[in-house]
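One structure below.
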Amino acid sequence: MLHVDPIFAATSVAPSTLAAGGEAVPPPFTIARVFTETRLDSWLALGLVLAAGLYLYGVHRLRLRGDRWPVVRTVCFLGPGLGGIASVTVSGLHAYDTALLSVHMIQHMVLSMIAPIFLALGAPVTLALRTLPVRPRKRLLAVVHSRIARIYSFPLVAFAIFVVNPFALYFTDLYRYTLEHAWAHELVHAHFIMTGCVFFWPLLGLDPLPGRWPYPGRALLMVLSVPFHTVLGLTIMQSTTLFGGDWYPSLGLSWSDPRDDQVVAGGVLWAGGEFVSVTMLAVLVLQWVKQSEREARRLDRELDRQEARERAAAAAQATPPPVAQP
């Protein structure tokens with residue numbers, strides 16, 4: 001079933017404009033509709049509000065006891081993180097996510113690559129560990145260091161999940177099923193977010209995760225992720241078979257050609273994937289440099305303390321003992 005905002009059906013679509021199943025189809029896509037057709041009635045919108053509220057409450061708890069929480073982490077988590085998810089699921093884009101493959105690919109990029117990166121940079125697990133009471137904190141640590149968490153956060157496993165999932169979705173009948181069932185389409189959105197978090201959290205995140213690789217290994221995985229989006233994007237662009245079967249032609253959109261839109265969708269995945277991967281590789285290298293500088297400063301401080309102890313010991317040995325008075 002085509003998931004169309006009821007505002008479209010009531011105000012913008014003529015009664016005679018029907019698609020498969022008798023559902024009204026959206027009018028021509030415009031940038032203005034991204035802002036005017038926002039919805040706040042989905043479970044995902046509720047989850048975003050709840051996550052933002054819990055994060056801000058944790059920051060508030062830290063400030064009450066005089067602890068400092070970096071502002072940049074809060075900005076990353078609430079802005080491009082949660083805000084990025086909202087921009088493609090709560091905004092007017094949702095009315096076109098089953099009508100245009102290109103819009104769906106924009107959602108794919110934001111939910112699986114952009115938003116998870118900034119959620120990881122927001123360090124929500126670290127914030128929770130610093131604000132939760134003793135028993136909940138121990139339970140969270142048990143989850144973070146559990147066997148399941150170790151398996152899924154292992155970089156090679158996360159990389160395999162990140163690479164295989166899009167091919168399993170788009171090159172099987174599963175994608176057509178998600179177009180026909182709104183609940184499955186929403187579940188795919190959540191799956192994109194989880195897949196991105198599993199991949200990027202161990203690479204770029206600031207939270208204490210088990211089995212984290214050193215920076216050279218992380219940089220290698222990030223480099224390997226670049227050609228993956230190129231291959232997938234070019235495959236979609238050059239495919240002579242429409243994704244979703246006859247779903248998009250059955251909508252009868254006079255303002256969009258399904259084949260042209262599929263080419264645009266592949267281009268979005270190709271160009272967007274390369275841009276994000278290369279940018280995040282630069283961020284990873286920057287983190288690597290900063291970590292090396294911190295380690296160098298730590299070693300310098302340790303050497304200074306060791307030299308100070310040696311000088312004090314040498315001075316004590318050079319000082320003659322006091323002469324006893326008769």
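Being a predicted model, the structure only gives us computed values, none of them experimental.
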Exercise for the section: Would you please test Leu121 and Gln287 for side-chain contact (heavy atoms from CB on, under 4.5 Å) and show each step? Expected result: CA-CA 11 Å; Leu121 293 176; Gln287 289 183 343; 3.6 Å; yes
Side-chain heavy atoms of [X] within contact of [Y], under 4.5 Å:
| X | Y | answer |
| --- | --- | --- |
| Val276 | Ile117 | yes |
| Leu303 | Gln306 | yes |
| Val144 | Pro208 | no |
| Ile85 | Leu119 | yes |
| Pro166 | Leu232 | yes |
| Phe192 | Leu169 | yes |
| Phe199 | Ser225 | yes |

Between [X] and [Y], is there shared hydrophobic-cluster membership here, with clusters defined by ILVMFWY side-chain heavy atoms closer than 4.5 Å?
| X | Y | value |
| --- | --- | --- |
| Trp270 | Ile236 | no |
| Leu284 | Leu156 | yes |
| Met113 | Phe167 | yes |
| Val71 | Leu78 | no |
| Trp183 | Leu44 | no |

Under the rule for salt bridge (charged side-chain N to carboxylate O under 4.0 Å, His left out), what residues qualify as partners of [X], not counting sequence neighbours?
| X | result |
| --- | --- |
| Arg305 | Glu302 |
| Arg297 | none |
| Arg176 | Glu180, Asp246 |

Crowded around [X] [atom1]? As in, over 12 foreign heavy atoms under 6.0 Å?
| X | atom1 | answer |
| --- | --- | --- |
| Tyr57 | OH | no |
| Asp173 | CG | no |
| Trp201 | CH2 | yes |
| Met237 | CE | yes |
| Leu299 | CG | yes |
| Tyr152 | OH | no |
| Arg65 | CZ | yes |
| Arg63 | CZ | no |

Fill in the blank from the handout: In short, ring pair (Phe, Tyr, Trp, His ring centres under 6.0 Å) pairs touching residues 125-146 with sequence neighbours left out are none
Practice task
Give a yes or no on whether the ring-centroid distance for Phe29 and Trp255 is below 6.0 angstrom.
Solution key: no
Practice task
Compute the centroid of each ring, for Tyr170 and then for His108, and state whether the two points are separated by less than 6.0 Å.
Solution key: yes
Measure the [atom1]-[atom2] distance between [X] and [Y] for me, rounded to the nearest 0.5 Å.
| X | Y | atom1 | atom2 | value |
| --- | --- | --- | --- | --- |
| His60 | Thr131 | NE2 | OG1 | 12.0 Å |
| Ser277 | Leu224 | OG | CG | 10.5 Å |
| Met105 | Ser112 | CE | OG | 10.0 Å |
| Arg301 | Asp304 | CZ | CG | 9.5 Å |
| Leu281 | Leu221 | CG | CG | 11.0 Å |
| Leu48 | Leu82 | CG | CG | 6.0 Å |

Where is the tightest heavy-atom contact between [X] and [Y], given as atom of each residue plus distance?
| X | Y | value |
| --- | --- | --- |
| Pro202 | Cys197 | CD-O, 4.0 Å |
| Leu179 | His185 | CD2-CE1, 4.3 Å |
| Leu101 | Ala265 | CG-CB, 3.6 Å |
| Cys76 | Pro80 | O-CD, 3.5 Å |
| Val103 | Tyr96 | CB-O, 3.9 Å |
| Phe228 | Val163 | CE1-O, 3.4 Å |

Checking the side chain of [X] only, and the main-chain atoms of [Y] only, is there a donor and an acceptor separated by less than 3.5 Å?
| X | Y | value |
| --- | --- | --- |
| Ser292 | Trp288 | yes |
| Arg259 | Thr240 | yes |
| Thr178 | Tyr175 | yes |
| His181 | Tyr177 | yes |
| Asn165 | Ile161 | yes |
| Arg218 | Trp213 | yes |
| Gln262 | Thr241 | yes |

Practice task
Using the side chain to side chain contact (heavy atoms under 4.5 Å, CB included) rule, pick out the option among Gln107, His104, His189, Met109 that qualifies with Val88.
Solution key: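 Passing option: Gln107.
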Exercise for the section: State which residue, out of Trp247, Tyr248, Phe243, fulfils the side chain to side chain contact (heavy atoms under 4.5 Å, CB included) condition with Pro258. Expected result: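 Testing each of Trp247, Tyr248, Phe243 against Pro258, the sole residue satisfying side chain to side chain contact (heavy atoms under 4.5 Å, CB included) is Tyr248.
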Exercise for the section: Carefully, step by step, assess Met222 and Leu204 under the rule side-chain contact (heavy atoms from CB on, under 4.5 Å). Expected result: CA-CA 10 Å; Met222 190 65 71; Leu204 300 169; 4.2 Å; yes
Practice task
Could you name each residue pair satisfying side-chain hydrogen bond (donor to acceptor under 3.5 Å, both in side chains) that touches residues 68-89, not counting sequence neighbours?
Solution key: Tyr55-Trp69
Practice task
Check step by step if side-chain contact (heavy atoms from CB on, under 4.5 Å) holds for Phe118 and Phe77.
Solution key: CA-CA 6 Å; Phe118 290 97; Phe77 189 84; over 6 Å; no
Exercise for the section: Evaluate the criterion side chain to side chain donor-acceptor pair (under 3.5 Å) for residue pair Asp261 and Ser256; output intermediate values, then yes/no. Expected result: CA-CA 7 Å; Asp261 184 62; Ser256 176; 4.6 Å; no
Practice task
List the steps, then state whether side-chain contact (heavy atoms from CB on, under 4.5 Å) holds for Thr126 with Leu206.
Solution key: CA-CA 8 Å; Thr126 301; Leu206 306 176; 5.5 Å; no
Completion exercise
For Phe200, the ring-ring contact (aromatic ring centres under 6.0 Å, His included) test, sequence neighbours excluded, returns Phe162
